[in-house]
Amino acid sequence: MRLFVTGGAGFIGSNYVRHVLATTDDEVTVFDALTYAGNLDNLKDLDGDPRYRFVKGDITDRDAVHEAMAGHDAVVHFAAESHVDRSIASPDEFVHTNCDGTNVVMDTARRLEVNRVLHISTDEVYGSIEEPGSFTETDPLGPRSPYSASKAGSDLIALSYHTTYGLPVVVTRSSNNFGPYQYPEKVIPLFVTNLLEGKKVPLYGDGMNVRDWCYVEDNCAGVDLVLRQGDIGEIYNIGAGNEVPNRHLTERILDILGKDASWIEPVEDRLGHDRRYSIDTTKIRALGWAPLRELDEALGATVQWYVDNRWWWEPLKQR
Ligand code: NAD
């Protein structure tokens, strides 16, 4: 199969491309605008692989998307503006990239009669939920930040191409990912790299906001399973069931690096900060998926990756 992967130079996309090349005979074209979050260093180890090709381009540019997507069997659409704090500071780019860009990707896939299109969405589209509830795929969406609202818009645009035009779309809604190559603005790499630089870690509010952490390799395996075996027109939640308040996650990172709580710097809470994300993953588990890594083991491996790969993150933090 020839896969067209948008946003493949970002965090999850680059891990996904590596996963596909290692586990299948497929060929992969990465299509990525290389925004601040896209980085060819994320794919450096794949240089020279004859099954991998990179095309620089913007998903809002119809001609560029059409030219690059032609000849592919399937599309996996990761490209997005992805950082909630940036969406609060400047929502326009989020609506443009995530909604307009997704419309271009879906419309082009329709015109080129691509066999399968996987749209990558997020658990944040459901909004916040009090314990002990968990959202299923049929629950109504309730996004509350410009990021999650633009992702909810793109998710519905993608699904509308299935309902309206019969485009063979599937959607995944994943929980918070962590692992190698995550841009050091997101909480885990930010905290780990701050500590490695001898800086404190800024913890929002009371630190009791809960996220469900999924190791990126497990998420990529789930995404790939949905691409190949998911039912057309269906949505699949992907989450590992590792619900942890931010404060406890921070304490685990401090512990791994041999630091105490004095390294925590409490900061004013994020505007509109969602309290808890939680998703029911019965549907993807019925397809045969389960996370392979325990949270503590995966977190330890992730911290070690940032310890061992300063060449990768130091230039990004100096920008
Ligand atoms: P990321 O910010 O690391 O990567 C995004 C990539 O998209 C970058 O390579 C960037 O250059 C590219 N991009 C941005 N705008 C583009 C444009 N206009 N045209 C072409 N390429 C463009 O993001 P990520 O964390 O890897 O997330 C990937 C996808 O997964 C996103 O759709 C995100 O909403 C979703 N998601 C992320 C998480 C998470 O925890 N990181 C969880 C659930 C869902």
Side-chain angles (χ1 to χ4, degrees), residues 4-19 29-43 54-62 64-65 68-69 75-87 92-105 108 118-126 143 145-155 157-158 171-190 211-216 218-220 222-223 226 235-240 242 277 279 302 312-313 316:
F4 184 76
V5 179
T6 71
F11 161 50
I12 305 177
S14 62
N15 278 283
Y16 177 72
V17 170
R18 200 169 284 110
H19 173 85
T29 300
V30 169
F31 184 84
D32 196 298
L34 297 180
T35 68
Y36 81 93
N39 184 353
L40 286 178
D41 279 348
N42 297 1
L43 297 160
F54 179 80
V55 177
K56 185 171 185 221
D58 191 318
I59 54 165
T60 63
D61 179 342
R62 276 182 182 274
V65 173
M69 192 191 287
V75 172
V76 185
H77 176 39
F78 288 97
E81 288 292 340
S82 70
H83 189 41
V84 176
D85 289 337
R86 287 180 189 256
S87 82
D92 294 15
E93 308 164 46
F94 282 71
V95 175
H96 182 54
T97 296
N98 299 356
C99 297
D100 293 338
T102 296
N103 182 51
V104 169
V105 170
T108 307
L118 171 51
H119 174 72
I120 304 291
S121 187
T122 162
D123 65 350
E124 300 197 27
V125 298
Y126 296 114
S145 73
Y147 164 66
S148 55
S150 65
K151 287 297 292 184
S154 63
D155 181 319
I157 289 166
V171 171
T172 55
R173 294 181 182 153
S174 300
S175 66
N176 279 55
N177 274 225
F178 68 100
Y181 301 104
Q182 187 167 29
Y183 196 85
E185 65 184 349
K186 304 281 170 63
V187 62
I188 291 179
L190 175 70
R211 300 293 181 261
D212 170 7
W213 291 98
C214 185
Y215 190 53
V216 66
D218 284 326
N219 180 52
C220 290
V223 164
V226 171
I235 302 158
Y236 294 84
N237 290 341
I238 304 178
N242 294 317
Y277 296 138
I279 47 176
T302 299
W312 181 83
W313 58 263
L316 301 178

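Quantities reported herein were computed from a predicted structural model and do not represent experimental measurements. As the structure lists them, so they are numbered: ligands from 1, and atoms in each ligand from 1.
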Heavy-atom donor-acceptor pair, D212 side chain to N242 backbone, under 3.5 Å: yes
Proximity to ligand 1 by part of L34, non-hydrogen separation under 4.0 Å: backbone
Within reach of ligand 1, part of D58 (heavy-atom separation under 4.0 Å): both
Contact atoms of ligand 1, heavy-atom distance to G38 under 4.0 Å: 8 (C), 9 (O), 10 (C), 11 (O)
Per-atom contacts, ligand 1 versus A37 - under 4.0 Å to a heavy atom: 2 (O), 8 (C)
Residues which pass ring-ring contact (aromatic ring centres under 6.0 Å, His included) with Y236, listed by chain and number, not counting sequence neighbours: none
Proximal atoms of ligand 1 relative to G57 (non-hydrogen, under 4.0 Å): 19 (N), 20 (C)
Proximity to ligand 1 by part of Y147, non-hydrogen separation under 4.0 Å: side chain
Protein contact of atom 26 (O) of ligand 1 - nearest heavy atom, named by residue and atom, plus distance: I12 N, 2.8 Å
Any side-chain donor near an acceptor of the partner, N219 and N177, under 3.5 Å: yes
Taking atom 5 (C) of ligand 1 as the reference point, the nearest protein heavy atom with its distance: A80 O, 3.5 Å
Residue list, side chain to side chain contact (heavy atoms under 4.5 Å, CB included) with A80, at least two apart or on another chain: N98, K151
Taking atom 40 (O) of ligand 1 as the reference point, the nearest protein heavy atom with its distance: N177 N, 2.8 Å
Check: F4 ring centroid to F31 ring centroid under 6.0 Å: yes
Identity and distance of the protein heavy atom lying nearest atom 35 (C) of ligand 1: I120 CG2, 3.8 Å
Selected option - heavy-atom contact closest to atom 17 (C) of ligand 1, from I59, V216, V125: I59
Pair E185 + R86: basic N to acidic O under 4.0 Å: yes
Residue and atom name of the nearest protein heavy atom (relative to atom 28 (C) of ligand 1), distance in Å to one decimal: F78 O, 3.7 Å
Region of K151 engaging ligand 1 - heavy atom pairs below 4.0 Å: side chain
Whether T97 lies under 4.0 Å from ligand 1, heavy atom: yes
Heteroatom distance test (T122, ligand 1): nitrogen or oxygen, under 3.5 angstrom: no
Ring geometry between Y147 and F94 (parallel below 30°, tilted from 30 to 60°, perpendicular above 60°): perpendicular
Protein contact of atom 2 (O) of ligand 1 - nearest heavy atom, named by residue and atom, plus distance: S82 OG, 2.6 Å
side-chain contact (heavy atoms from CB on, under 4.5 Å) between V226 and L118, intermediate numbers included: CA-CA 8 Å; V226 171; L118 171 51; 4.2 Å; yes
Plane angle bin for Y183 and Y36 - parallel if under 30°, tilted between 30 and 60°, otherwise perpendicular: perpendicular
Residue and atom name of the nearest protein heavy atom (relative to atom 21 (N) of ligand 1), distance in Å to one decimal: A33 N, 3.1 Å
Polar atom proximity, S121 to ligand 1 (N or O, under 3.5 Å): no
Options I238, N176, T35, ranked by nearest heavy atom to atom 13 (N) of ligand 1, top entry: T35
Side-chain heavy atoms of H19 within contact of V223, under 4.5 Å: no
Any G101 heavy atom less than 4.0 Å from ligand 1: no
Backbone of A9 reached by a side-chain donor or acceptor of N42 within 3.5 Å: yes
Numbered atoms and elements of ligand 1 in range of S175, under 4.0 angstrom, heavy atoms: 42 (C), 43 (C)
Shortest protein contact, atom 43 (C) of ligand 1 (heavy atom only): S174 O, 3.3 Å
K56/D32 ion pair, N-O < 4.0 Å: no
Flag side-chain contact, heavy atom, 4.5 Å: H77 against I59: yes
